[in-house]
Undergrad: 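Structure provided below as structure tokens; questions to follow.
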2 protein chains.
Amino acid sequence: MAPLFHLRTVRQGSFLFHEGDPADRLYLVAEGEVKVLKHSLGGQEVILHLASHGDLIGGIAILGEQQYPATAQAQTDVRVASLTGQDFWQLMRTYPDMAANIITILLSRLRQAHETIHQMAFERVERRLARLLLRMVTRFGERTGEGVLINIVLTRHDLAAMTGTTLESASRVMSKWHKQGLVESRHRKILIRKPHGFVEIAEDLPGQSSSAGHNP
Amino acid sequence: MAPLFHLRTVRQGSFLFHEGDPADRLYLVAEGEVKVLKHSLGGQEVILHLASHGDLIGGIAILGEQQYPATAQAQTDVRVASLTGQDFWQLMRTYPDMAANIITILLSRLRQAHETIHQMAFERVERRLARLLLRMVTRFGERTGEGVLINIVLTRHDLAAMTGTTLESASRVMSKWHKQGLVESRHRKILIRKPHGFVEIAEDLPGQSSSAGHNP
DNA sequence: CGTCTCGTTGACGAAGCTCAAAATAAGTGG
DNA sequence: CCACTTATTTTGAGCTTCGTCAACGAGACG
């Protein structure tokens, strides 16, 4: 089993692979965060997935397709195991339980992707961002005296790329929320002061702020 | 093996399950087309996937989640095999090669979903529609004397739901293309007269029509 | 021939993208 | 610690795409 794997450390900001590269290997994330993204012609990006421990990246290599359809970049320092598509199948045959694991992972990812499509079709930027922050809170949130800190570096650019909008729009919304006392920025990280406020925005609860119903 | 499966025929328009239903079974499509969709509060819908022979529907049941996150509706008359999540795992254990199959299917689906997210983030309605039609051509296209017929019933509503836009916008674009002699409607089906025209729209080729470059 | 679904078209407005510029924060080397 | 450089964020103004509301036309079907 050992020889099939190839362990590697990737520094923050480095790329595991770029869209269009020959898809020869797939990666299992052991530690850290990897973002999977796609670029537009104009240089903007969408983040399709933020992978953590146990996640599969570049799975397309399993299919024997020619090229990676997306780019993978380390969001933090990362440790990964990489293997070829062939070795992957070998591994599945040897340890059938792993196949079950992979299926589970893929199903979750698919559900998440569908959720994103749904949101992009129907929900406006503000709400998409609110939902994103709530998800980030459950994944990276740490209680502090002042609120919940999302303990990962997230720039406005990242937020925009994760919600399918522009840097400017993301900034505007964050800035508005800051004025309302909902969030705070702390060294590139986001501090949520009133988690409940975001639930109100994400779902359609009244809250006590600004515009009430949108259903005239 | 036989007793694990439960074969069923579903008539066009009927539902396999609705979003929110208890997710007790998953389905393998034997014949016909099933659309997987989600509704907005306002009653609009997005089509997340159009499943054909060999496809997996309601896979979420495998995870043991409580509810289906989407709705599945027969686009044509359909034959499906259904089984419980438990039986699914049983099946995987008995026929490990099936696991490989499922992984392959899920990876393709995930790639497609990512492609959709990318398009919704960066591309405008017209181009999304053009790409959709090209995909439909490769899947359901049949050469005829007048062009390529997409041999499946697709209303403007369907087109809108598949591209994440509104019925009106889809209609406007189709109508414009009709005037340009690119498409024709034939009993709820779409006839593509100039496939190459769509490639020009989908990619960013000049063609000889309307607005040229958008990159000033 | 009436009814129903589907498609077309127009007018209007708003969300959010683009372009532009300035302000702030974060690093860096001395 | 300060001066300087670079990255990030904020904010404004104008404009475009697209969604919304509304009305009408056309085909299908009993």
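Proteins get letters first, then strands, A, B, ... in listed order; numbering begins at 1 in each.
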Undergrad: Nearest to the side chain of A:Arg156 - D:dT11, C:dT9, D:dT10?
TA: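 Selected nucleotide (nearest to the side chain): D:dT10.
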Undergrad: From C:dC17, C:dG10, D:dC18, pick the nucleotide closest to the side chain of B:Arg172?
TA: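 Ranking C:dC17, C:dG10, D:dC18 by closest atom to the B:Arg172 side chain puts C:dG10 first.
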Undergrad: Looking at C:dT9, D:dT11, C:dC17, which one has an atom nearest to any side-chain atom of A:Ser169?
TA: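 Within the option list, the nearest is C:dC17.
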Undergrad: Would you check, one step at a time, whether the test side chain to side chain contact (heavy atoms under 4.5 Å, CB included) holds for A:His6 with A:Arg25?
TA: CA-CA 10 Å; A:His6 182 250; A:Arg25 313 199 122 244; 3.8 Å; yes
Undergrad: Between D:dG19, D:dT20, C:dT9, which one does the side chain of B:Thr165 approach most closely?
TA: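 The closest nucleotide is D:dG19.
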Undergrad: Would you kindly give the CD-to-P distance between B:Glu184 and C:dG7, to the nearest whole Å?
TA: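 So the two atoms are 15 Å apart, to the nearest Å.
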Undergrad: Can A:Ser82 and A:Arg8 be counted as having a side-chain donor-acceptor contact under 3.5 angstrom?
TA: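 Not at all, the side chains of A:Ser82 and A:Arg8 share no donor-acceptor pair under 3.5 Å.
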Undergrad: Between C1' on D:dT9 and CH2 on A:Trp177, what's the gap in Å once rounded to a whole number?
TA: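 Whole-Å distance recorded here is 16 Å.
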Undergrad: Atom CG of A:Leu167 to atom C1' of C:dA20: distance rounded to whole Å?
TA: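 The distance from CG of A:Leu167 to C1' of C:dA20 comes to 14 Å, rounded to the nearest Å.
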Undergrad: Would you kindly give the CE-to-P distance between B:Met174 and C:dT8, to the nearest whole Å?
TA: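 Rounded to the whole Å, the gap is 8 Å.
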Undergrad: In whole Å, I'd like the distance from the CZ atom of B:Phe122 to the C1' atom of C:dT18.
TA: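 Roughly 15 Å, once rounded to whole Å.
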Undergrad: Angle class for the A:Phe198/A:Trp177 ring planes (parallel below 30°, perpendicular above 60°, tilted otherwise)?
TA: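 Aromatic pair A:Phe198/A:Trp177 classed perpendicular.
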Undergrad: Just how far, in rounded Å, is P of C:dG16 from CD of A:Gln119?
TA: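 In whole Å, C:dG16 P lies 13 Å from A:Gln119 CD.
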Undergrad: Rounded to whole Å, please give me the gap between CG in B:Leu129 and P in C:dG7.
TA: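 So the two atoms are 13 Å apart, to the nearest Å.
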Undergrad: Can you check whether A:Lys189 has a side-chain N or O nearer than 4.0 Å to OP1 or OP2 of C:dA25?
TA: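 Looking at the OP1 and OP2 atoms of C:dA25, neither is under 4.0 Å from any side-chain N or O of A:Lys189.
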Undergrad: Between C:dT9, C:dC19, C:dA26, spot the one nearest the side chain of A:Arg188, thanks.
TA: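 Of C:dT9, C:dC19, C:dA26, C:dA26 is nearest to the side chain of A:Arg188.
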Undergrad: The side chain of A:His187 lies closest to which of these nucleotides: D:dT11, C:dA26, D:dT20?
TA: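 Of the options given, the side chain of A:His187 lies nearest C:dA26.
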Undergrad: Side chain to side chain contact (heavy atoms under 4.5 Å, CB included), that's the test. Do A:Ile117 and B:Met120 meet it? Break it down for me.
TA: CA-CA 8 Å; A:Ile117 292 170; B:Met120 291 186 64; 4.0 Å; yes
Undergrad: Let me know, please, whether A:Ala121 or A:Thr155 comes out on the 5' side of the other along DNA chain D by nearest nucleotide.
TA: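 Here A:Thr155 is the residue nearer the 5' end.
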Undergrad: Less than 3.5 Å apart, any donor N or O on the side chain of B:Glu142 or B:Asn151 sitting next to an acceptor on the other?
TA: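 Looking only at side-chain atoms, B:Asn151 and B:Glu142 do form a donor-acceptor pair, the distance falling under 3.5 Å.
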Undergrad: Considering heavy-atom distances to DNA chain C, does A:Val125 or B:Leu154 have its closest nucleotide positioned more toward the 5' end?
TA: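 On the 5' side of the pair lies B:Leu154.
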Undergrad: Which part of the nucleic acid does B:Ser171 contact within heavy-atom distance under 4.0 Å: base, sugar-phosphate only, or nothing?
TA: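 Touches a base.
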Undergrad: Let me know the distance between CZ of B:Arg124 and P of C:dG16, rounded to the nearest Å.
TA: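 Going from B:Arg124 (CZ) to C:dG16 (P), I get 18 Å.
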Undergrad: Which residue, A:Gln44 or B:Lys179, contacts DNA chain C at a nucleotide closer to its 5' end, judged by nearest heavy atom?
TA: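 Comparing both residues, the 5'-ward one is B:Lys179.
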Undergrad: What I want to check is whether an N or O donor and acceptor connect the side chain of B:Glu168 with the base of D:dC21 at under 3.5 Å.
TA: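 Result: at least one qualifying N/O pair found.
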